[in-house]
Amino acid sequence: QRQMCIRDRNWAMDKVEYDRDSGRISWTFHGVDLIGTNTLLRCHQAKVNKYRQQWKDRTATLILQNQKAVRDWCAAASFPVRYEAIYLTRHKTLMDEDNIIGSIKVVLDELVRHSDIPDDTAEYIRHPLVESRRASIGTLYLALIPMDKPLISTTTLKWLADRPGK
């Protein structure tokens, strides 16, 4: 019963923000304890499924409560976009980038599933910038941002165009 109250209270603090001027949309989830990819690989599948289902429900609820902002962003977005994720943890040990990316994959999947984002492939959503810091309450901030320039250098693109065996 107590866990349900905490969860409901935290869900009530979750929010979506859409800034038309910058083209940024962000989701903030409060009271979060992410489970890292390495830990998920060692967990019983039932626990993993429960964890993923909680994130699916929480993300879907937040999107449905903020349909207009999500719909407006999707209509105005030009793809690809990149995503940024900041995880504030109350634990002593910070999560590394790979664990954060793996942990929030289910959130990204639900954003695609419940919006007009065509897919979560690199054609639509590019590599993330992630950060982990300490805070008194666990919080996940996820933003989708228009790309000003490609994330890959022109030298690498030239190599790709001129690669041997093409």
Side-chain angles (χ1 to χ4, degrees), residues 1-37 40 43 45-90 95 97-133 135-151:
Q1 183 71 22
R2 186 177 186 291
Q3 277 185 327
M4 200 60 127
C5 293
I6 291 169
R7 189 183 76 179
D8 290 345
R9 186 181 73 224
N10 290 334
W11 283 29
M13 295 183 341
D14 292 350
K15 65 181 177 180
V16 173
E17 295 177 291
Y18 170 43
D19 179 13
R20 290 180 196 281
D21 296 333
S22 68
R24 167 193 293 262
I25 189 165
S26 63
W27 292 264
T28 306
F29 299 93
H30 294 281
V32 170
D33 277 329
L34 289 180
I35 299 176
T37 308
L40 285 174
C43 286
Q45 192 60 43
K47 184 175 182 177
V48 172
N49 291 343
K50 182 178 179 182
Y51 174 76
R52 288 190 173 138
Q53 190 60 50
Q54 287 174 337
W55 271 111
K56 286 179 179 183
D57 293 346
R58 190 169 180 170
T59 306
T61 299
L62 188 58
I63 291 170
L64 293 173
Q65 289 172 344
N66 295 276
Q67 281 182 342
K68 181 171 178 8
V70 174
R71 229 183 276 124
D72 290 351
W73 178 83
C74 286
S78 60
F79 295 99
V81 296
R82 68 178 168 87
Y83 77 92
E84 295 178 343
I86 299 172
Y87 175 48
L88 304 177
T89 180
R90 58 190 180 86
M95 288 180 86
E97 290 181 16
D98 294 335
N99 273 308
I100 295 172
I101 292 168
S103 297
I104 63 175
K105 174 73 169 105
V106 68
V107 177
L108 195 58
D109 288 343
E110 287 304 298
L111 294 177
V112 170
R113 186 167 167 240
H114 292 284
S115 70
D116 294 330
I117 300 171
D119 199 359
D120 65 350
T121 61
E123 185 178 347
Y124 300 101
I125 300 176
R126 297 308 304 249
H127 295 285
L129 298 173
V130 295
E131 182 76 28
S132 182
R133 302 240 173 122
S136 58
I137 184 170
T139 304
L140 175 64
Y141 172 84
L142 177 67
L144 294 175
I145 303 157
M147 288 183 53
D148 298 334
K149 57 185 176 184
L151 295 175

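On a predicted model such as this, the values are computed, not experimentally measured, just so you know.
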Take T37 and D98, measure what side-chain contact (heavy atoms from CB on, under 4.5 Å) needs, and give me the verdict at the end. CA-CA 8 Å; T37 308; D98 294 335; over 6 Å; no
Under the criterion side-chain contact (heavy atoms from CB on, under 4.5 Å), I'd like the reasoning laid out for L88 against I137: C-alpha separation, chi angles, the key distance, then a yes or no. CA-CA 7 Å; L88 304 177; I137 184 170; over 6 Å; no
Does the side-chain contact (heavy atoms from CB on, under 4.5 Å) test come out yes or no for H114 and T59, once each step is laid out? CA-CA 9 Å; H114 292 284; T59 306; over 6 Å; no
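When all heavy atoms of P80 and R126 are compared, the pair lying nearest together is CB-CG, 3.6 Å. Summarising the geometry of Y18 relative to A76, their closest heavy-atom pair is OH-CB, 3.6 Å, with the distance given to 0.1 Å. The minimum heavy-atom distance linking G36 with S103 is given by the pair CA-OG, 3.4 Å. In terms of heavy atoms, P146 sits closest to G23 at CD-O, 3.4 Å. In plain terms, the two heavy atoms of I100 and E131 that are nearest each other are CD1-O, 3.8 Å. Shown here for L40 and V48, the closest heavy-atom pair between the two residues is O-CG2, 3.4 Å.
Expressed to the nearest 0.5 Å, how far CG of N66 lies from CH2 of W27 amounts to 9.5 Å. The CD1 atom of I25 lies 10.0 Å from the CG atom of L142; values are rounded to the nearest 0.5 Å. Here the straight-line distance linking atom CD1 of I35 with atom SG of C43 works out to 6.0 Å at 0.5 Å rounding. Remark: S115 OG to R71 CZ distance equals 11.0 Å, nearest 0.5 Å. Note that CD1 of I145 is 8.5 Å distant from OG of S26, once rounded to the nearest 0.5 Å.
Partner R58 forms a side-chain contact (heavy atoms from CB on, under 4.5 Å) with one of V107, D14, V106, I63 and no other, that one being D14.
For Q53, the side chain to side chain donor-acceptor pair (under 3.5 Å) criterion is met by D57, not counting sequence neighbours. K47 meets the side chain to side chain donor-acceptor pair (under 3.5 Å) test with no other residue; sequence neighbours excluded. Annotation: side chain to side chain donor-acceptor pair (under 3.5 Å) contacts of N49 (sequence neighbours excluded): Q45. Every residue was checked against the salt bridge (Lys or Arg N to Asp or Glu O under 4.0 Å) condition with K56, not counting sequence neighbours, and none meets it. Scanning for side chain to side chain contact (heavy atoms under 4.5 Å, CB included) contacts around T28 gives K15, H30, T139, Y141, with sequence neighbours left out. Residues satisfying the salt bridge (Lys or Arg N to Asp or Glu O under 4.0 Å) test with D33, not counting sequence neighbours, are R90.
No side-chain heavy atom of Q65 sits under 4.5 Å from any side-chain heavy atom of V16. W73 places a side-chain heavy atom less than 4.5 Å from the side chain of L144. With a 4.5 Å cut-off on side-chain heavy atoms, I101 and V130 count as touching. In this structure the side chain of V81 reaches within 4.5 angstrom of the side chain of I125, judged on heavy atoms. Counting heavy atoms from C-beta on, the side chains of I104 and Y83 come closer than 4.5 Å.
Without hydrogens or angle criteria, Y87 side chain to M95 main chain gives no donor-acceptor distance under 3.5 Å.
E97 CD: 12 or fewer foreign heavy atoms inside a 6.0 Å radius.
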